[in-house]
Participant: 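Have a look at the structure that comes next, please.
Predicted model, so just to flag it, every value in this text is computed and none were measured. Any value given below was found using the heavy atoms of this structure, including those in side chains, with hydrogens, waters and symmetry copies removed. A note on names: the letters A, B, ... follow the listed sequences, proteins ahead of strands, and every chain is numbered from 1.
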Amino acid sequence: MTTQRANYLYPALGLTLIMASIIFVVVLVPRWTFKPPEPRDLRDYTTQELRGREIYKREGCWYCHSMVSRPQDWDHGRRSKSSDYFYDAYHLLGSERTGPDLANIGGKFPDQYHMLHHKNPRYVKPGSIMPRYDYLTEQELTDLTAFLQSLGPYGTRALDVKDGKAKYAANGETKWAKVRDYTWVGGELNGLTEKVAMWKLDVAQQRALNEELYGEHLEVPFKYTAEIEELMYGSSHEAANAKGALQGLATPAFPNKEALEEARNADPDVRAWKENSFKEGEITDKNRLLANYGKGLFNNQCSPCHGVAGNGKGQAAFTMTKRPANFDEDKFATYTTDTWYWRISRGVPGTQMPRWEYTLDANQRLTLTAFLKYVAQNKGLGKLQGAESNYEKAPVPAAAPAK
Amino acid sequence: MAQSVELTNRWDTRLAAWADEEHSASKRFLISAAVWALVGTLFGLIAASEYYWPDLVHNLPQLQFGRLRPTHVNVVAFGFISMANVGAIFYVIPELCRTRLFSERWGNVLMVAWNSVILLGILCLTNGITEGREYAELPWFLDLAMMAALILYIVLVWGTVLNRKEKQLYVSIWYIAGTTLWFPVVYLIGNRVFFAVPGIGDAIANWFYGHNILGLWFTTNGIGLLYYFLPKITRNPLYSHLLSIVGFSTIAMFYTPTGTHHLLQSPVPEWLKAVAVISSVMLLVPVMSVLVNFFLTMKGKWSMMTTHLPLRFFVTALGFYFLTCFTGPFQATRWINWYLHFTHWVVGHAHFALLGTFGFVGWGAIYYVAPRVSGRQWYSRRLANAHYWLSLIGTVLMIVALTVGGLIQASAWEEGIPVYRGVIMVAPFMLMRAFSGLLIVLGQVLFLYNVVKTLVFAEASLEGPLEEPAAVLPQSAAVRS
C-alpha cells in the first residue's frame, strides 16, 4: 500500500517542480527583466485619449484591428517599438487584421474622416465590413477620434526628440486636434481637399476592383456607393440634412464638381502644385532646377525598380512578380497631376510599390510628380539626355563649398 | 407554527433529494453544456454573418461584432466545452475510482455557480463590460467567481480520488487531476485582478494564458477523457502504458512556454520568442505519442464507428487533433508565422482545435455519458446522426473557408494590396463561413431537442440505442423499470 502510493507521489512532485520552473521562466523572469524604456518621442495620454482608448476596448475594435507595425509592414509606417506601449495600462495589440493596422494611424486622416467613418464606414470605404457606431454619442465619437489621432509618429502624442515638444499639438479637451496642419477652422477647408481627392480616387479604384472581382456581388455590401457619390459631389449640407441620410455629420459636401474644383483652387498647396507642373516642350530656368531636383529624387528612390531610364528595368525589377512601370508607354502621358501625386503617395495596389507618403514629404512628392509628368509627356527620360534637349545646355551648378 | 415547520422540512427534503441524487451533477452539467452549445454557436453565426452583411444588425450595440465575438468565444469555451468536460469528468472519475463523487450536493452547487457565471458573462460582454484580453474578457468579479468555482472543482475531483477504492491510478486520472493543479495557476496569471503588468508585458502574460487555456485545460481534460472512452468502448486494452507516460510528462513541459509564439512580430524579448518557438515544435512529442497510442488502441475496431455514435465523435475529434497539432508547430515557426499571422488562417486554426477537436469530444462525451447517468436511452438516433453530419460538414467548411481566406489575405498583403481590399477579396469565403455556421447551429438545435427529450422529459427511445452493444443502465434504474 505505502509503496504503491509512493510510486505516484514522487513523479507528481517532480512534474510540479518542472511546471513551476517553466512558469517562473516564461512569466516571472520577463516580468522582472523586460523593462521597456520610457519613450522620448511620445507623451502620455490625455484624459480624453484615455476615454477614447476605453471605448476602443469596450466596443471590441481590437478584434479586427491590430496595433503593431511589423518588420514586413514597410508600407504602413515605422516599425513598432516596445516603448510605444509604455503608457498603456493594458495591451490592445489585437490578434487579427480584418481591418488595417492602427499603430501609426494618427494624422493619416483628418478628424472629420474618422467621425464619418465611425458613423458609417461605408460612407468613405465602400466594401468595408466594419460595423456602424452611430449609436455612440458625439462625445464618445470625439473621444475615440482623439485616441486614434494620438497614435504613431504623426499623431498628437508624437514629440520632437530634440526639444521634447509636441510635433502636432492636441488642444486638451477641444473637439478637434490639429494634426499635420489639417484642421477644420470655421468654414475653411484647410488641407482637406487633398483627402477629398484621394477619397474620390479610392472610390473609383474600389468600384473598378469590385466590378473586376465580384460583378455579381456589386450590390452587397456596396449599396452605399450612391451615398458616397453624393457625399463627394452631392447636394448642399441643408439638403443632405433634409434627407436625413447624413444628418448630424460635420463633413462638408460640395454641390457639384465645379464647386469642388473651385475649393481645390482656393488651396494654396494645390495652386502651387499646378503652377509647378510642366508644360509640354517648355523649359525655363525654374523648371530646370525643379527637374534636376526631381531627377535626383527619381534616381535615389525610384530607379532601383523603374530603372535609370525609367523603362521599368531596374536592378530590383527582376525579383518582382509584377514588372515596374515603363514610363515610355503612351498611357502615362494621359496621367493628370492628381493621378501622379496619388500614385506616388499611396502606392500601387497589387504591386510592391510603397506608399511614399510615409517617406517623402508633400513637396518631394509634388516635385516627383512634376518631373514624371514632364518625362511621360516627352516620351521618357531619353529627351532629357538627348543632344537636342535644352537640358544639356543648362549651366552646371557651382560646386558646394568644401567642408 | 407547526404547519410552517412541516412545510419547511418538506421543502428542504425535496431540495436535498434533488441535490444529492447520484450522478445528478454530471447530468445537469451535460444538459447545461448542450444549452450553451446552441447559445454560443448562435452568437457565432450572427458574428460570422456580419462579416458579409455588416448592416445586418443596426443600432443594436449588444449584437455588433466587437461585442458578439468575445461573447461567442466565452460561451462556447467556458459554457459548452468546459461544462461538457466537467460533466463527463464527474462520471469518469467516480467510475475509475469505484466510488461516488466526493459530494454530489457541492457538485450541484458548482453547476449552479458555473451557469450563473456564464449567464452574467453574456450580459456583461454584450453590454461592453470587458477586460479586453483575449480569452480573458470576463470582468474581474466574474474572474473571482470562476476562480472560486475552480477551487470547488479541485476539491470535488481530489476528494473523489483520495477516497477511491481502486488502488490503481489510471492515465485519465493523471490528466484530469494534473489539470486541477495546472490550470488554476494559468487562470490566475491570465485573469489577474490584483496587480497590473503595463505596456507590452501585459501581452506576454495574456498570451501565456491564451495558449495555456487551450493546452492545460481543454487539451489535458479532453485527452484525459479520451484515454477512458476509447479503451472502454472498443474493449481493447490501451496500446502502450509507456507512451501514455511520455505523453503525460511532456504535455505540461512543452505547452507552458509556447504562448509567446503569438507575439513573434511584436517588440518583446527575443529570447522569449526563441523559447516559445522551440517548445512549440517540441509539442509534436506529446501530441504524436498520444495519437499513436489512441490509433493503435483502435486497431481492429475501426468498423465500430458505423454502429457506435459516441465513438464516431471521438475518432473524428482525433482526426481534427492530428491536423491541428501537426500544422500548429510549423505555423509557430518564424518563417511561416511571418506570412500567416493576423490572417484568417489563425482563426481557422483556433476553430480546428476548439470546435473540431474539443467540440467533438464534448458532444461525444455527452452522447456516451448521458444514458449512463440518467438511465435513459437516447430519444432519437436519427437526430443524433443528423447532428453528427451537420456538425462535421459545418466544421470542415468553416475551416476550409478560413484557411483559404487566410492564404488569400496573406498573399494579398505580400503583394502590397491594402488590408481593406483584402477583406473584399475574401468575401465569398466569409459567406461560406456564415453558411457553415448555419449548419452547425442547425445541428445544435437537433442536439438540444434530443437532449431535452431524453434527459428532461424522459421520453422513450424511438429507434433504439446509439451504441452497439447498448449502454448498460445503472442498477437502480433497472430496478425501477
Participant: With only heavy atoms counted, which part of A:Y87 is less than 4.5 Å from chain B, the side chain, the backbone, both or neither?
Facilitator: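 Interface part for A:Y87: neither.
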Participant: Flag the one option from B:G128, B:P61, B:P257, B:G201 with the top tally of heavy-atom pairs under 4.5 Å to chain A.
Facilitator: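 Among B:G128, B:P61, B:P257, B:G201, the one with the most close pairs to chain A is B:P61.
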Participant: Rounded to the nearest 0.5 Å, what's the gap from CG on B:D202 to OH on A:Y85? Could you check?
Facilitator: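 Here the rounded value is 12.5 Å.
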Participant: Let me see the working for B:L216 and A:M19 under side chain to side chain contact (heavy atoms under 4.5 Å, CB included), right down to the final yes or no.
Facilitator: CA-CA 11 Å; B:L216 298 180; A:M19 175 74 172; 3.4 Å; yes
Participant: Rounded to the nearest 0.5 Å, what's the gap from OG on B:S266 to CZ on A:R79? Could you check?
Facilitator: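 These two atoms lie 9.5 Å from each other.
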Participant: Just how far is it from atom CE of B:M253 to atom OG of A:S21, taken to the nearest 0.5 Å?
Facilitator: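 Spacing of CE (B:M253) from OG (A:S21) equals 10.0 Å.
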Participant: Would you give the length of the straight line joining atom CZ of B:F208 to atom CD1 of A:I22, rounded to the nearest 0.5 angstrom?
Facilitator: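 Answer for the CZ-CD1 pair, B:F208 versus A:I22, is 9.5 Å.
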Participant: Under 4.5 Å between any side-chain heavy atoms of A:L93 and B:L263, yes or no?
Facilitator: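 The answer is yes; the side chains approach within 4.5 Å.
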Participant: Which bit of B:Q409 comes within less than 4.5 Å of chain A, counting heavy atoms only: side chain, backbone, both or neither?
Facilitator: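 Contact with chain A involves the side chain of B:Q409 alone.
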Participant: When heavy-atom pairs shorter than 4.5 Å are enumerated against chain A, which of B:V186, B:L68, B:V197, B:N127 gives the highest number?
Facilitator: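 Of B:V186, B:L68, B:V197, B:N127, B:V197 has the most heavy-atom pairs under 4.5 Å with chain A.
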Participant: How close do A:P36 and B:I200 get, counting heavy atoms only, and between which atoms?
Facilitator: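 Looks like CG-CG2, 3.9 Å.
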Participant: Please state whether the side chain, the backbone, both or neither of B:V347 comes within less than 4.5 Å of a heavy atom of chain A.
Facilitator: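 It is the side chain, since no backbone atom gets that close.
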Participant: Rounded to the nearest 0.5 Å, what separates atom CG in B:N206 from atom CG in A:L92?
Facilitator: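 Those atoms lie 10.0 Å apart.
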Participant: Show your reasoning for whether side chain to side chain contact (heavy atoms under 4.5 Å, CB included) applies to A:I23 and B:V185.
Facilitator: CA-CA 9 Å; A:I23 292 181; B:V185 178; 3.6 Å; yes
Participant: Kindly give the heavy-atom pair with the smallest separation between B:P269 and A:F34, and that separation in Å.
Facilitator: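 Shortest heavy-atom contact: CG-CD1, 3.5 Å.
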Participant: For B:A203, which atoms come within 4.5 Å of any heavy atom of chain A: side chain, backbone, both, or neither?
Facilitator: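 Contact with chain A: backbone and side chain both.
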Participant: Could you tell me which portion of B:H341 (side chain, backbone, both or neither) has an atom closer than 4.5 angstrom to a non-hydrogen atom of chain A?
Facilitator: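 Both backbone and side chain.
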Participant: Go through the atoms of B:H58 and report whether side chain, backbone, both or neither lie under 4.5 Å from a heavy atom of chain A.
Facilitator: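 Answer is side chain: those atoms of B:H58 sit under 4.5 Å from chain A.
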Participant: Does any backbone or side-chain atom of B:R67 lie under 4.5 Å from a heavy atom of chain A? Answer side chain, backbone, both or neither.
Facilitator: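 Looking at B:R67, backbone and side chain both touch chain A.
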Participant: Mark yes or no for whether A:K57, through its side chain, and B:T130, through its backbone, hold a donor-acceptor pair below 3.5 Å.
Facilitator: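 It does hold such a pair.
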Participant: With chain B as the partner, which of A:S80, A:C64, A:S66, A:S95 has the greatest number of non-hydrogen pairs under 4.5 Å?
Facilitator: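 Among the listed options, the one with the most contacts to chain B is A:S95.
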Participant: Counting only heavy atoms not in B:W271, do more than 12 fall under 6.0 Å of its CH2?
Facilitator: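 Yes, CH2 of B:W271 has more than 12 neighbouring heavy atoms, counting only those of other groups under 6.0 Å.
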Participant: Please report the closest heavy-atom contact between A:R70 and B:W338, naming both atoms and the distance.
Facilitator: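 So the two residues come closest at NH1-O, 4.1 Å.
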Participant: Between atom CE of A:M130 and atom CD of B:E50, what is the distance when rounded to the nearest 0.5 Å?
Facilitator: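 A:M130 CE to B:E50 CD: 13.0 Å, rounded to 0.5 Å.
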Participant: If I compare all heavy atoms of B:W413 with all of A:R97, which pair ends up nearest, and what's the gap?
Facilitator: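 Looks like CZ2-O, 3.4 Å.
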Participant: Are A:T98 and B:F65 side-chain neighbours, meaning at least one heavy-atom pair lies under 4.5 Å?
Facilitator: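 Side-chain contact under 4.5 Å: no.
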Participant: With distance as the sole test, does B:Q64 use its side chain to make a donor-acceptor pair with the main-chain N or O of A:Y133 at under 3.5 Å?
Facilitator: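 Not at all, since once roles are kept as given, no pair shorter than 3.5 Å links the two residues.
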Participant: Looking at side-chain heavy atoms only, is the closest gap between A:R132 and B:N59 below 4.5 Å?
Facilitator: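 No, their side chains stay 4.5 Å or more apart.
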